[in-house]
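Just follow the structure's listing: the first ligand is 1, and inside any ligand the first atom is 1.
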Amino acid sequence: MLVAPSILSADFGHIARDVRAICSGGCDLVHVDVMDGHFVPNLTIGPVVVEAVAKAATQPLDIHLMVENNSFFVDLFAPLNPKYISFHLEEEKHPHRLIQKIRSLGISPAIVLNPHTPPEAIEYLLEDLDMVLLMSVNPGFGGQRFIPSVLEKAKRLKAMIEKINPECMIEVDGGINDQNIAELRDAGVDVVVAGSYVYNHPKSIKRAISSLKK
Ligand code: DX5
Ligand code: ZN
């Protein structure tokens with residue numbers, strides 16, 4: 001299981017320190033939540049701050065766009081050389097075109113599904129995707145409760161992926177902790193995003209990450 005801590009729960013007064021802490025604590029990806037105040041009722045960070053994150057990070061960036069104008073934001077973040085850029089299916093008229101654009105920039109394209117969106121909605125996109133991100137909370141905020149229906153959705157998606165594009169990974173985001181990690185693994189999930197669990201762990205960030213990996 002790969003772990004992608006979300007820096008949304010970091011202390012932005014000490015962002016470089018908090019990014020280094022997850023990288024030295026054994027994370028696989030640095031998950032960056034970009035929110036525009038339109039697609040979701042919250043506003044986070046743009047390229048100026050993400051550049052500081054990229055400089056501090058020793059692991060690749062996984063940029064999760066929660067925005068209205070995806071193509072514009074892909075252009076903004078592409079120069080920072082992230083490994084993944086994911087965008088929401090619910091907010092994109094031409095997802096296939098955007099996937100091709102992200103790949104042409106040398107970035108792995110990923111698509112995000114909100115809790116209500118069935119995996120069948122991306123059947124004809126799967127062969128072009130490197131990762132599918134399933135939301136296990138409604139996007140916009142850290143620290144929300146895990147929505148368990150994502151487990152059945154991940155299993156359905158896994159069956160589709162095995163037929164269409166076995167290389168494509170499944171990532172799940174929201175409300176993940178050491179209590180639900182085993183069910184996610186059993187459902188075929190490859191990557192978990194965890195914000196509050198990692199940054200608010202009573203012992204240490206390193207302990208939090210290793211408890212999700214084992
Ligand atoms: C929610 C974000 C998540 C969030 C995860 O919109 O996409 O990445 O920060 O935080 P936790 O793990 O606290 O639910
Ligand atoms: Zn996220």
*asked:* Is the contact between Ser196 and ligand 1 made by the side chain, the backbone, both, or neither, using heavy atoms and a 4.0 Å cut-off?
replied: both

*Under a heavy-atom criterion of less than 4.0 Å, does Phe141 contact ligand 1?*
yes

_For the Zn ion (ligand 2), give me the closest N/O/S atom belonging to His64, just the atom name._
ND1

*Is the shortest side-chain N to carboxylate O distance from Arg103 to Asp130 below 4.0 Å?*
yes

*Between Tyr197 and His201, what is the ring plane arrangement, given parallel below 30°, perpendicular above 60°, and tilted in between?*
perpendicular

*asked:* Surrounding CZ of Phe12 (heavy atoms of other residues, nucleotides or ligands, distance under 6.0 Å), is the total greater than 12?
replied: yes

*What protein heavy atom sits nearest atom 6 (O) of ligand 1, and how far away is it?*
Gly140 N, 2.8 Å

*Under 4.0 Å between a Lys/Arg side-chain N and an Asp/Glu carboxylate O for Arg156 and Glu120?*
yes

*Please calculate the OD2(Asp173)-the Zn ion (ligand 2)-NE2(His31) angle and round it to 10 degrees.*
100°

*For the Zn ion (ligand 2), find the closest N/O/S atom belonging to Asp33 and write down its atom name.*
OD1

*asked:* Need the ligand 1 atom indices (1-based, order shown) with element for anything under 4.0 Å from a heavy-atom of His31.
replied: 8 (O)

*Which residue from Ser6, Gly195, Ala4 reaches closest to atom 9 (O) of ligand 1 through any of its heavy atoms?*
Ser6

